[in-house]
Each structure stands twice: as C-alpha cells, then as structure tokens.
Number of protein chains: 2
Amino acid sequence: MTRKSGDASRSTIRDVAARAGVSASTVSRVLGGVYPVSAATRGRVMRAVRDLDYVADARAKAIAGVGTPTLAFVLEDITGPSFAHMAHGVEREATRLGHLCLVCSTEGDVRHELEFVEMMRAQRAAAVILVGGTADTPEYRERTHRMADSLASAGSRLVLCGRPPLDPGAPVTVIEYDNEGGAYTLVAHVLAQGHRRVLFLGGRADHTTALGRERGYLAAHRARGLTPDPSLLLHGDFTRDAGHRLMQQALKDGLEFTAVVAATDMVAAGALTALHEAGLTVPGDVSLAGYDDIPFARDLHPALTTVHVPYEELGRLAVRTALERTPGAADEHLLLGTHVVVRDSVGPPPSRSPR
Amino acid sequence: MTRKSGDASRSTIRDVAARAGVSASTVSRVLGGVYPVSAATRGRVMRAVRDLDYVADARAKAIAGVGTPTLAFVLEDITGPSFAHMAHGVEREATRLGHLCLVCSTEGDVRHELEFVEMMRAQRAAAVILVGGTADTPEYRERTHRMADSLASAGSRLVLCGRPPLDPGAPVTVIEYDNEGGAYTLVAHVLAQGHRRVLFLGGRADHTTALGRERGYLAAHRARGLTPDPSLLLHGDFTRDAGHRLMQQALKDGLEFTAVVAATDMVAAGALTALHEAGLTVPGDVSLAGYDDIPFARDLHPALTTVHVPYEELGRLAVRTALERTPGAADEHLLLGTHVVVRDSVGPPPSRSPR
DNA sequence: AACGCCGTAGCAACCGGTTCCCATCACGGA
DNA sequence: TCCGTGATGGGAACCGGTTGCTACGGCGTT
C-alpha cells in the first residue's frame, strides 16, 4: 500500500489542478460528477486526487452553497438514559438524511444554552433541537421565542423536544410526549390495586416534566374521588441519588404510604435501594413505580412497573419534522403517546396497617 | 422588546456595512475588536448589527482561518452508559476549550466509520476521537493506520480511546484504561472468597474490551495455580439481553459454577435477573460481579460488586491530550487505572456442593 | 470543402468573511 | 505656517471552493 508521508499542509483544489495539468474548475467538475468531462481528463484528475489524498474543504463548499448541512442538538446532560436514547434517535435520523450532527450539553445553564444557539446560528445549522423539560416561566417563553425568531431569520429552525411549547406565533416545531396521560394511567393502575396513600417522588418542583407527571398523579386521584395528601408530594431532582435521599428521608420522617410513584426510573432505582436498606420488601410492604422505561428497569428487583416513552422515536421525529418541513407550512405540534408497562413492583397494599 | 420580523435571508457583512455607511472591512474590524475604530463608527456599526440581527457566518470565518475549531467523536452507540459518560467528558472538555463537537454513531459498521472519518477530514476537524473496543485484526490496524495518516496529512489528529493501539509509527494518540488489570483484581477478589468455578460471561469473542477482561480472568486464576475450565467462558455481546439469555442458557445446560463475572455491568444486570428468575439468591447461591461501575450498579439487588472505570475522565483526557499536543511531539499513549468497588454481590460460595 | 454543432475546458465572478497595504485627515510641534 | 505623525477607514487580494459564460477544436453533414 502507498502511504502518503505526512504532507502536513492540506492540499487545495488548485494543487490538484496543477498536478493534473488542468484548471481548478475542471477538477471541481470531475469531483462534482455531473458535468461532462472526457475520460482522459477525468483519469488524470482522479490520479492527482489520489496522489495528494485530496478532500475538498467542506467549509468552503458550504459557503458556496453545496455543503453537507448540519443540525444541532442541545441537551442538559447526555448521561441520563432517556436523553441518551433521544440523542441516538436524533443522530441516526440526521445521518440517514445526510446531515452532520453537533452536540452541546448545557449542564442546565441558560447562558450556555443561549451561547450555543447563537453559535449554531453562525454555523447556519439547518435546525436546532432543544431537548428536555425546563421551568416554564414567562422568562423562558420570552427567551425561547427570541431564539426561535432569531434562528428563523437566519433560515434555521428551532425544535422543542419534550420541552414546553411557546405562545402561538413563534416559528417553532414542538414534539412532546404525554407526561400527564402516562402518569394518569400509571397512578390509576396503582390506585386500582387498593392503595390510598401514594407517595409521589418528584423531580424538580418547577420542571415541566415533573409537573406534567404530577398533574397525572392528581388527576388519577380525582377521577376516583380521592384528594391526595399534599405532604405526599416530594421534590428533588432526577438522579438516582435524589431518589435514594428522598426515600430515606421519607422513611425517617415516618411518612405513611403504601406505594411510591417516582418521577423517573432513575429516581425509582434510588428509592428502591433505600427501601431495601430499610428492610422493606417491594411490592410486599410497599409498591413502587417509575417513568421512562429505561432498559435497566426490568433488571431491578422486583422488575419495575413503569411508563414507556418512545424516546428514540421522539428524537427521530424531531429531526424529520424539522428537516422535511416546507418553509411556508404551519408550525407542527406533535404529541406522542406513552403506555404503562406492568411488571412486578406494584401489588396490592399490605393487609396490615400501612407503615 | 423589538422582534425582528422574519427577515428570511440572513444578512451579510456587506449589508451591515451599507446600513452603517462604512466598508465591510470596518465592520469586520469592529466585530473583531482589536483594530482601533473610532467610537462613533463603532456605534453606527453596532447599531446596524443589532438592527439586522447579524451574526458572521462561521463557515466563512473558518475558511479565512479564524473559525471555532471542531472536534469529532465517533462511537458505536451512544445508548450504552459507559459510552454516554465518555461522550459527556468529551463534550465538556471540548466546549471548555472552545471547540464544537460533532457526533456520529457507526452502529458497528466499519463503512460508516470510514465515511465519517472522511467527512471529518473534509470538515478540517482538529481531532477525531474513535471510541470503544473492536476486533483487533491486521485489517483493523491497516485501515486505522491509513485513517491516522490521512487525518495527519490534513492537519488533524486521530485519537483512539479505549481502542486497541496501532503499530508504532502511526500518528495517533491512544488513551486506554486497564481492562486486564481491573479484571485481574476483581477475579482475584472472587477467588479469594473461595470460589473455584467462576463463569465468565463475556462480550463479543474477538472484541478487545472483552478479551482484555478475559485475560485478567485467566491471569488471576493462574496466579493461584488454577486453570479455569474453558467451558466456563461464554460469549455474546454487551447488552443486558445478552447477559440474560446467556445466563438462562448456562442454567439450563446445567453448567456448574458458584460465581459469575460479567464482561460489563449491563451483562451482569441481565444475568442477575436470569438468576433471580431461576430462584437463585445472590450472593447466597451464586456470586456475581460486573465491570464499568455504571451508576445503576448500586441499585441492583444486591448492589453489584464491579470495577470502576473513569469513563468521563477518559473522554476529557482524550480531547485535552489531542488538542494541547505540540505538533512535533512524540505520540502519547496513556493508560488509566481502574479499581474494584466492593459491594454486596460477591460472597463465599455455598457450603453445599455447587449447583 | 465549407458549415455548424456539440463536447470539453478555462476565465472570471461569486459565496462571506479577513487582513495587508495604503490614502486621508486632524493634530501637535518646530 | 508647514510638516511629520498617528489614528482611521477603504480598496483589493485572499481563503477554497462552485458555476455561468465563453472559446476552441473536432466531427458529421450537405
């Protein structure tokens, strides 16, 4: 095999042209493939290309209007399993449609988010996908509306994926999944087993994801004519550590409950461990349910009853909807369904008095 | 607030110049910040910039040599927890150093990998980070060596992260972690409990990650003067489903063992569920250990004894080493240490005869 | 044999920026 | 009053590509 020794400086189209004894335009046309070029010339050019190991500069092509388009993906932390699945969906669909995929994690910092969106505008990204719930404040809507306008005026498109929609009029594509409905069905299932004091181990108090699931929790109670004890709503964040800590605290405080519905499977995992540590059995002493249906849920012991969310599909849809959109069309707003996955962690309450 | 109505076509530096009544060079200088410009002119320019919501095209800047550099990250599937943590480390360090971060998942397809690396060469990425073990064949070394040369000649740099090193001479940075050492210590710990028939639930048979861990398994046996029964080495892939299936099969086949060492925590999770389903207790009947120390490991029941791998640090180091490298310097080859995390899933073998 | 057409390749303009180099202007000192 | 000088801003070349338009040469046709 011929191995080029470190040429160090990348060669330009003019270098190739010189070596092939043709003009730069001819090289461009040979590489472009459509314009008619004689076999002899094509051969000489291809030869030179191979000799120099030449690849056209994608940035230069982009500025001339013929580049590989790019698409950006902004999330808080790719480490969370549900985010990772969305990222996977986004990435797969992006490459399927011939786009490159930029990633940025904001660590929850709004300034990072703004900076990154600005960079994406500069990059002329075809679409910017903002992922994950957040606090739905007027400030959020204002700021995000501005980002949407700003991107739109640059020919790009903002996509909100699992993130609260904006006021109508914002040039934005929204893909959501049904937090409230899933939680409603799940909690209804728990209540149907006979539980009456169900602890809700929530995520961040103002976070739309947690809030939606909390609404479902409340609605399921109301549908049965029940009003849940407000002291059964606990908040933290979405990590397994939060679930663990919250559960320990709840047990220590002597809170009375026979079932726990966690805001996410991660929280449920931590809570489960805390229950085990306290010597309680699941679902014998306490029933437990999660949300997200991450792959691990079935390996908890007992296997976790939870709500399945089509995260990967969500990601795929986000990019497809954004990229296949016809510029003049109305703004899309999709809502994906979820469904409960019944496993072994929810059973009837113990016959003795609840702890 | 003033909201620009959909300008549709992004404005250029000349538009700004025209509006401010100056030349394009002046706008460039105002935005650049260093060149002396009078306060009045600067004001007019900034005004025009704001009015038009102008952002300089990053691609055009890049081609002129003053762009935000980019860095690429290629992995098989971001869905795996350990990959996700590496990705997180890479992304954080990249943005810390002011780089953009492109991602691509290959789904294990070599052609995708090649295509993507070629695209990254076209993008003039500062570095391309290839992540995760693979089959270490001559073909692999050949192909990867070519990629390294090709990238090097384009001024870019290939980084192998947790992937087998190449023959000396390839312009490549290698960051590995100690698969063999971690497995050695882990298996030594298991053997010290008195186990003599330890099942190794491996990943893909030819995969360097699995192979390294397998070597540690064997070495730990040899160090005690033991020769493990070859039929105790099982192969599949790295998913929880594989672990589940393999374990079921082993039990059905009546394989005799008192402990299981899984190639990854994911595999261990599936295996654990299969053990539970078979009515076996862990570690009472069978001990179980994993590898990777993913966050979930401590929420398995019993909490999983495993080997901690500093995945995020690995990712961070990969980008730092690649980007802070002085062009002429020798090729780096880093080997990160691992350590065993003892939890509750490994205990002494049952006193009765092994199953 | 002359004409015209078609296939092929080159020139130059352009994409959207940056920056070198030079012209201009105002100002202070001699 | 004249000149040197430093502060500013413009013109044009350049980064590395693409592409519209044009020119040239060889071929078939009448």
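In what follows, chains carry the letters A, B, and so on, assigned in the order in which the sequence lines appear, proteins first and then strands, with residues in each chain numbered from 1.
Here C/dG17 presents its C1' atom at 16 Å from CG of B/L52, a figure rounded to the nearest Å. Residue B/R121 contributes atom CZ, which lies 15 Å from atom P of D/dG16 at whole-angstrom precision. The interatomic distance linking A/R14 (CZ) with C/dA12 (C1') rounds to 12 Å, in whole Å.
Using a 4.0 Å heavy-atom distance criterion, B/R124 is classed as a sugar-phosphate-only contact. Within 4.0 Å (heavy atoms only), B/T26 reaches sugar-phosphate atoms of the nucleic acid but no base atom. No engagement by B/R59 is indicated, since no non-hydrogen atom pair under 4.0 Å with the nucleic acid exists. Residue B/T12 is in sugar-phosphate contact alone, with no base atom involved, counting any heavy-atom pair closer than 4.0 Å across all strands shown. Among the atoms of the strands shown, base atoms are found under 4.0 Å from some heavy atom of A/S28.
Comparing atom distances between the B/K61 side chain and each of C/dT18, D/dG17, D/dG10 picks out C/dT18 as nearest. Taking every side-chain heavy atom of A/D57 into account, D/dG17 is the closest of D/dG17, D/dT8, C/dT8. In the set D/dG10, C/dG17, C/dC11, the nucleotide with an atom closest to the side chain of B/A64 is C/dG17. Counting only heavy atoms from C-beta on, B/V66 has its side chain closest to C/dT18 among C/dA12, C/dC20, C/dT18.
Nucleotides of DNA chain D nearest to B/I63 and B/V37 differ in position, and the one nearer the 5' end is that of B/V37. Annotation: of the two residues near DNA chain C, B/L31 and A/T41, the 5′-most nearest-nucleotide partner is A/T41.
Contact annotation: side chain of A/R29 to base of D/dG17, donor-acceptor pair absent below 3.5 Å. Taking 3.5 Å as the limit, the base of D/dG20 and the side chain of A/Y35 contain no donor-acceptor pair of atoms between them. Not a single donor-acceptor pair, N or O on each side, falls under 3.5 Å between the base of C/dC11 and the side chain of A/S23.
For A/R163 and A/E113, the salt-bridge test passes: some basic side-chain N is under 4.0 Å from an acidic carboxylate O. Taking 4.0 Å as the cut-off between side-chain N and carboxylate O, A/R157 and A/D331 count as a salt-bridged pair.
Between B/Y54 and C/dG17 there is a side-chain polar atom (N or O) within less than 4.0 angstrom of OP1 or OP2. Residue B/S38 places at least one side-chain N or O closer than 4.0 Å to OP1 or OP2 of D/dG9.
Side-chain polar atoms of B/E93 and B/H88 form no donor-acceptor pair below 3.5 angstrom. Checked by atom type, the side-chain pair B/E76/B/T106 shows no donor-acceptor distance below 3.5 Å.
Contact of the B/D15 side chain with the B/Y54 side chain is not registered, since no non-hydrogen atoms from C-beta on lie closer than 4.5 Å.
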